[in-house]
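Data first, discussion second: the structure below is written as structure tokens.
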Amino acid sequence: MKEELWLIWKHPVTRRRYKVGSLIYDDSKYIFKYTNPELDEASSSGFLYFPGFENVNIEYENEKLFANIETRLPNPARPDYLEILNTYNLKKSSSQMEILKATRGRLITDNYEFVPAFDTNKIEFDVAGTRHCSDVKKCISLSLINVNDKLELEQDPENVYDPYAVKVILKKNNVRYHLGYVPRYYSKQLSILLNDQVQYSAMIESLKLESKLSDEDITALVKLIFN
């Protein structure tokens with residue numbers, strides 16, 4: 001079965017995220033390639049290349065997961081390896097692509113992550129821009145944010161940073177709290193679906209109030225299913 005993850009680069013200063021590449025597994029080989037139009041935008045903002053893939057004009061292939069990506073996975077030799085898998089609802093038998101998809105391959109030392117390609121049936125994402133939303137601190141102080149909370153999505157066409165911006169809204173006791181945004185790399189496709197009035201269900205699947213791998217106030221993983 002073909003699987004695809006997107007390589008996202010986050011600008012170290014502006015924190016804007018760019019989709020710069022794709023990692024594909026088709027049951028026989030791994031393929032990595034850089035993708036536009038955001039590759040050119042990222043390059044103009046300082047992006048050079050992902051370590052190990054220096055040539056942005058070629059397609060890389062390998063029978064095994066590329067070593068420069070494999071090193072971003074939890075080390076099986078770690079004494080807490082099984083606990084790490086359990087944290088992400090993974091199994092010891094989970095494939096490397098499944099582990100990469102769950103952990104995003106994030107490291108404290110750089111600004112890269114691998115996220116699932118957009119799927120018109122179901123997507124999962126971490127809420128972006130929570131540090132810019134005053135409602136978040138209010139919700140934390142009042143203990144309003146919980147796993148399994150239902151969420152609403154609201155288009156924000158006046159957003160000066162992203163014309164396809166989509167707000168993530170938590171509604172409690174008839175009060176609407178703005179938690180953040182759908183990540184930019186999903187916003188256009190999702191905005192199109194919302195324009196078409198496609199029915200959806202969104203909920204908080206997991207929640208972390210602190211994380212060394214995120215510069216957000218919270219890390220809320222949202223599960224979104226479309227009709």
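Count residues from 1 along the sequence.
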*Ring centres under 6.0 angstrom apart (Tyr34, Phe32)*: yes
*Which other residues belong to the hydrophobic cluster containing Leu221, where Ile, Leu, Val, Met, Phe, Trp and Tyr are joined when side-chain heavy atoms lie under 4.5 Å apart, directly or via other members?*
none
Extract all donor-acceptor atom pairs below 3.5 Å that involve side chains of residues 158-166 and protein atoms in other chains or at least two apart in sequence.
| from | atom 1 | to | atom 2 | distance (Å) |
| --- | --- | --- | --- | --- |
| Asn159 | OD1 | Tyr161 | N | 2.8 |
| Asn159 | OD1 | Asp162 | N | 3.0 |
| Asn159 | ND2 | Asp156 | OD2 | 3.3 |
| Asp162 | OD1 | Tyr164 | N | 2.9 |
| Asp162 | OD2 | Ser187 | OG | 2.7 |

*Would you please name every residue forming a ring pair (Phe, Tyr, Trp, His ring centres under 6.0 Å) with Tyr81, sequence neighbours left out?*
none
*Partners meeting salt bridge (charged side-chain N to carboxylate O under 4.0 Å, His left out) with Lys29 (sequence neighbours left out)*: Glu61
_Hydrophobic cluster (4.5 angstrom, side-chain heavy atoms) - remaining members for Ile31_ = Ile24
*By salt bridge (charged side-chain N to carboxylate O under 4.0 Å, His left out) - contacts of Glu205 (at least two apart)*: none
*asked:* Strictly by salt bridge (Lys or Arg N to Asp or Glu O under 4.0 Å), give each pair with a member in residues 174-190 just once, sequence neighbours left out.
replied: Glu152-Arg176, Glu154-Arg176
*Does a donor on one side chain and an acceptor on the other come within less than 3.5 Å for Asn195 and Gln155?*
yes
_Residues clustered with Ile192, ILVMFWY side-chain links under 4.5 angstrom_ = none
*Under the ring pair (Phe, Tyr, Trp, His ring centres under 6.0 Å) test, residues paired with Tyr177 that sit two or more places apart*: none
*Could you name each residue pair satisfying salt bridge (Lys or Arg N to Asp or Glu O under 4.0 Å) that touches residues 66-80, not counting sequence neighbours?*
Arg72-Asp110, Arg78-Asp80
*Residues which pass side-chain contact (heavy atoms from CB on, under 4.5 Å) with Asn68, listed by chain and number, not counting sequence neighbours*: Phe50, Phe53, Phe66
*Partner residues of Tyr25 under the ring pair (Phe, Tyr, Trp, His ring centres under 6.0 Å) criterion, sequence neighbours left out*: Tyr30
